[in-house]
Amino acid sequence: DTAVSQTPKYLVTQMGNDKSIKCEQNLGHDTMYWYKQDSKKFLKIMFSYNNKELIINETVPNRFSPKSPDKAHLNLHINSLELGDSAVYFCASSMGRDSPLHFGNGTRLTVT
Amino acid sequence: GNSVTQMEGPVTLSEEAFLTINCTYTATGYPSLFWYVQYPGEGLQLLLKATKADDKGSNKGFEATYRKETTSFHLEKGSVQVSDSAVYFCALSESYNTDKLIFGTGTRLQVFP
């Protein structure tokens with residue numbers, strides 16, 4: 001029933017590890033996104049995919065690699081995690097071109 | 001580059017008080033403007049939008065008018081409720097790249113009974 005779902009909800013891991021966050025949307029949207037929200041609630045776009053094709057890559061370190069196996073899924077893999085990667089990561093989807101974004105509930109990543 | 005500036009929070013109000021959260025923007029071209037709301041533990045939800053100058057977006061008693069002359073999109077509500085307590089984000093979509101939303105830093109609203 002959930003429109004945009006992401007897993008896990010919480011992720012606690014140590015520096016240097018590799019982790020993935022999964023996202024799925026059942027809205028039939030063509031465009032999916034990853035946003036990062038820091039501890040001050042500042043929200044910044046990381047990636048945008050349209051129909052499995054990378055559209056936006058906002059100077060994110062190449063330790064972050066998005067993967068879109070089909071247009072309903074956009075997963076985020078992070079290599080060699082660092083303390084500064086601790087944040088809430090939000091997946092979102094939209095029809096594009098001024099249509100509203102639908103957000104998942106976020107994944108709180110804590111790197112220790 | 002394009003940017004959005006919001007008033008710092010938290011904004012603390014009593015129930016039934018009048019709310020204004022200021023938002024100004026810097027953009028080339030003709031961006032669309034949005035307000036999103038984030039309730040605790042949840043993702044952001046679209047609250048309202050305006051796509052051209054002088055448009056007024058409204059939803060759930062909230063309103064915002066797209067003012068090109070002052071590059072502003074202030075959020076207002078005449079009588080807030082405790083359930084309105086949340087973080088509010090102003091955002092713009094760049095007119096040449098409408099898949100990209102640029103968000104302000106968010107303003108936390110706390111409403112007390």
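The figures here come from the full heavy-atom set of this structure, side chains too, leaving out hydrogens, waters and symmetry mates. Order of the sequence lines sets the chain letters (A, B, ...), proteins ahead of strands, with each chain counted from 1. Computed from a prediction, not measured in an experiment: that's the story for all the values here.
A disulfide bond (SG atoms under 2.5 Å apart) check over residues 10-73 of chain B, counting only residues at least two apart or in different chains, returns the pairs B:C23-B:C90.
In the displayed structure, B:K52 atom NZ is contacted under 6.0 Å by at most 12 heavy atoms of other residues, nucleotides or ligands. The environment of A:Q14 atom CD is sparse: at most 12 non-hydrogen atoms of other residues, nucleotides or ligands sit within 6.0 angstrom. Around atom CD of B:E16, no more than 12 heavy atoms belonging to other residues, nucleotides or ligands sit under 6.0 Å away. When the shell of 6.0 Å around OH of A:Y10 is examined, it contains 12 or fewer heavy atoms from other residues, nucleotides or ligands. Environment of CD in B:E76: crowded, with over 12 heavy atoms of neighbouring residues, nucleotides or ligands closer than 6.0 Å. Enclosure of atom NZ in A:K71 by more than 12 non-hydrogen atoms of other residues, nucleotides or ligands within 6.0 angstrom is indicated.
In the hydrophobic clustering of ILVMFWY residues, with side-chain heavy atoms under 4.5 Å counting as a link, A:V88 and A:M46 come out apart. B:I21 and B:L47 end up in the same hydrophobic cluster when Ile, Leu, Val, Met, Phe, Trp and Tyr side chains are linked at under 4.5 Å. A chain of hydrophobic side-chain contacts below 4.5 Å, direct or via other Ile, Leu, Val, Met, Phe, Trp or Tyr residues, connects A:I45 to B:L46.
Taking the side chain as every heavy atom from C-beta outward, A:Y35 and B:L44 never approach each other to under 4.5 Å. Annotation: side chain of B:Y36 is not in contact with side chain of A:L43 (no heavy-atom distance under 4.5 Å). Using a 4.5 Å cut-off on side-chain heavy atoms (C-beta onward), B:F103 and A:Q37 make no contact.
Of all residues spanning residues 105-113 of chain B, those with a heavy atom less than 4.5 Å away from chain A's heavy atoms are B:T105, B:R108, arranged by number.
Heavy atoms only, all atoms of each residue included: A:F90 and B:Q38 are closest at CZ-NE2, 3.1 Å. Nearest heavy-atom pair, A:N105 versus B:G43, reported as atom, atom and distance to 0.1 Å: OD1-N, 3.4 Å.
If you measure heavy-atom distances from A:K41 to chain B, the contacts under 4.5 Å come from both the backbone and the side chain. For A:K44, no part lies under 4.5 angstrom from a heavy atom of chain B.
For the options A:E58, A:K40, A:K9, heavy-atom pairs under 4.5 Å to chain B are most numerous at A:E58.
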